[in-house]
Asker: 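Handing you a structure now.
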Amino acid sequence: MEKMMRAVIQKAFGGPEVLEVVELDKPELRSGEVLVRVRASGVNPVDVAVRSGAFPLLGEPPYGVGWDISGVVEEAGPGARYEIGEEVFGMPFFPRAATGYAEYVATPSRQVARKPASLTHVEAAALPLAALTAWQGLVDRAGVREGDRVLIHRAAGGVGHLAVQIAKARGAYVIALASAAKHDFVRGLGADEVIDYRTTDFTEAVRDIDVVFDSVADGERSLSVLKPGGVLVSILEHPNQELAATVKAAGRRFAGVSVEPDYAALEAIAELVEAGKLRPTVAETLPLAEVSKAHEVVASGQTVGKVVLTVDPAR
């Protein structure tokens, strides 16, 4: 059996050119872990921010890059939840390094879930970080339920397009913010109203919102459309204690979300997929060797859905 694998690392902060495909030792298993032979790995905006140094989550390089994976269990440690040959997907170790852009990833088995059978590995790799962010914000923290009015920023993006579908699956009335060119796409996800944020000030167009899902750090203005007792879910300003205090003083609730591995939520997400209520959109697929280009595409901020790397361990 091969003892080495291809993986992406960075040795310094910088542009996409700092990403290198290198040979590393395959990870060794511990009790409760599985070794996943990765078929595809999702690329997220947080990956770009970490690489550039804008968000030094992992400290100083060098380290491996990426978190989202979908693949097949090749080895299972004692006490692991899965057996060899099972297909799984997940977001191991976040916010610690997982080296997810790699041919193999060793992960605690409770940080991955069985891949939805109806999805390819590329589609499944587009889900974990983005879908968990949306689920943990809308379901776990805000408790979205039938009849709630939910406003979703950047509704065509990687997290946003999943947030729209999750909110609709919970029975909410969804108002989505997206550029005009993406309105048909967002309506196709189930949004009840779509507003062009470039030409319309949403604070003048909507009111009496139960939940705002803010993925653009626009908390102050988002607060203004919430009704008393409403919830501001923020995925970028979660450490902002001043904003949290302002929201509380206004009689609303602040829910800062820092996504974390969660197999139970992944299983719930997989159930929505199998029920036909959730589907990730893959904007572009690139091979592992083109990881720098993948980061350029994500950094453009113009993608509809997700960018995914394909990983083939066979040489």
Side-chain angles (χ1 to χ4, degrees), residues 2-29 33-72 74 88-108 111-112 120-130 132 158 259 261 280 282-301 303 305-315:
E2 290 280 353
K3 294 183 178 180
M4 303 293 289
M5 68 173 185
R6 289 184 304 146
V8 176
I9 67 166
Q10 65 177 92
K11 296 177 182 177
F13 293 127
E17 70 280 358
V18 303
L19 300 175
E20 302 178 46
V21 180
V22 300
E23 292 276 329
L24 296 179
D25 290 332
K26 284 172 59 176
E28 297 183 359
L29 288 187
E33 291 187 338
V34 290
L35 181 67
V36 178
R37 181 173 177 171
V38 179
R39 298 298 192 189
S41 182
V43 182
N44 294 287
V46 68
D47 304 8
V48 174
V50 168
R51 183 215 72 225
S52 69
F55 184 41
L57 183 68
L58 304 178
E60 292 289 329
Y63 41 68
V65 185
W67 285 276
D68 280 348
I69 62 169
S70 182
V72 181
E74 181 148 306
V88 296
F89 75 122
M91 180 198 70
F93 296 111
F94 192 90
R96 300 181 185 276
T99 313
Y101 304 168
E103 291 178 327
Y104 294 92
V105 170
T107 172
Q111 294 190 4
V112 294
T120 65
H121 284 293
V122 166
E123 291 171 321
L127 274 176
L129 191 148
L132 283 173
V259 68
V282 177
E284 190 164 350
T285 304
L286 294 162
L288 187 66
E290 295 185 34
V291 61
S292 295
K293 181 180 177 181
H295 270 234
E296 290 175 358
V297 173
V298 172
S300 75
T303 56
K306 295 292 297 293
V307 175
V308 178
L309 296 168
T310 53
V311 186
D312 184 5
R315 304 196 179 191

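Since this is a predicted model, take the numbers as computed values, not measurements.
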Asker: Given 3.5 Å as the limit, does a donor-acceptor pair link the side chain of W67 with the main chain of R96, or not?
Answerer: yes

Asker: Keeping R51 on the side-chain end and G14 on the backbone end, is there a donor-acceptor pair under 3.5 Å?
Answerer: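 At least one qualifying donor-acceptor pair exists.
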
Asker: If we only count heavy atoms from C-beta on, is the V38 to Y101 side-chain gap below 4.5 Å?
Answerer: no

Asker: Quick one: pull up CZ in F94 and CG in L58 and give me the separation to the nearest 0.5 Å.
Answerer: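 It is 8.5 Å, given to the nearest 0.5 Å.
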
Asker: Grab the two heavy atoms, one from V122 and one from V308, that are nearest each other, plus how far apart they are.
Answerer: O-CG2, 3.6 Å

Asker: Any idea which heavy atoms bring P128 and I69 closest together, and the distance?
Answerer: CG-O, 4.3 Å

Asker: Would you call R37 and E103 a salt bridge, using N to O less than 4.0 angstrom?
Answerer: no

Asker: Do F13 and E60 have side-chain heavy atoms sitting under 4.5 Å apart?
Answerer: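 SC-SC contact between F13 and E60 confirmed.
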
Asker: Is the number of heavy atoms from other residues, nucleotides or ligands within 6.0 Å of CD (E17) greater than 12?
Answerer: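 Count over threshold, so yes.
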
Asker: Applying the side-chain hydrogen bond (donor to acceptor under 3.5 Å, both in side chains) test to S70, which of R39, E123, H121 qualifies?
Answerer: H121

Asker: Considering all heavy atoms of both residues, which atom of A126 and which atom of V282 are nearest to each other, and what is their separation?
Answerer: CB-CG2, 4.1 Å

Asker: I'd like to check V259 versus L129 (side-chain heavy atoms, cut-off strictly below 4.5 Å). Are they in contact?
Answerer: yes

Asker: State, to 0.1 Å, how close A124 and F89 come at their nearest heavy-atom pair, and which atoms those are.
Answerer: O-CD1, 3.7 Å

Asker: Could you report the tightest heavy-atom contact between L35 and A106, atom names first, then the distance?
Answerer: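 Between these two residues, the closest heavy atoms are CD1-N, 4.1 Å.
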
Asker: Any side-chain to backbone donor/acceptor pair from S41 onto D68? Under 3.5 Å, distance only.
Answerer: yes

Asker: Could you walk me through whether Y63 and V50 satisfy the side chain to side chain contact (heavy atoms under 4.5 Å, CB included) test, starting with their C-alpha distance in whole Å, then the side-chain angles of each, then the deciding distance to 0.1 Å, before giving a yes or no?
Answerer: CA-CA 11 Å; Y63 41 68; V50 168; 3.7 Å; yes

Asker: Please determine whether side chain to side chain contact (heavy atoms under 4.5 Å, CB included) holds for the pair L19 and V65, giving the CA-CA distance in whole Å, both sets of side-chain angles, and the decisive distance to 0.1 Å.
Answerer: CA-CA 8 Å; L19 300 175; V65 185; 3.9 Å; yes

Asker: Can you check whether D25 reaches M4 side chain to side chain, under 4.5 Å on heavy atoms?
Answerer: yes

Asker: Is the shortest side-chain heavy-atom distance between I9 and L24 below 4.5 Å?
Answerer: yes

Asker: Tell me the closest heavy-atom pair linking A294 and V307, and the distance in Å.
Answerer: CB-CG1, 4.0 Å

Asker: Are E23 and R6 packed together at the side-chain level, in the sense that at least one heavy-atom pair is separated by less than 4.5 angstrom?
Answerer: yes

Asker: Answer yes or no: is there a donor N or O on one side and an acceptor on the other, between the side chain of E20 and the main chain of V22, under 3.5 Å?
Answerer: no

Asker: Walk me through whether L288 and T310 qualify under side chain to side chain contact (heavy atoms under 4.5 Å, CB included).
Answerer: CA-CA 6 Å; L288 187 66; T310 53; over 6 Å; no

Asker: Would you call D47 and H295 a side-chain contact if the rule is heavy atoms closer than 4.5 Å?
Answerer: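 With C-beta onward as the side chain, the pair touches.
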
Asker: Check the pair K306, E284 against side chain to side chain contact (heavy atoms under 4.5 Å, CB included), reporting the backbone distance first and the verdict last.
Answerer: CA-CA 7 Å; K306 295 292 297 293; E284 190 164 350; over 6 Å; no

Asker: If only atom types and distance count, is the side chain of Q10 paired as donor or acceptor with the main-chain N or O of P61 below 3.5 Å?
Answerer: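 Such a contact is absent between Q10 side chain and P61 backbone.
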
Asker: Taking the side chain as every heavy atom from C-beta outward, state whether L309 and V291 have any atom pair closer than 4.5 Å.
Answerer: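 Yes, their side chains come closer than 4.5 Å.
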
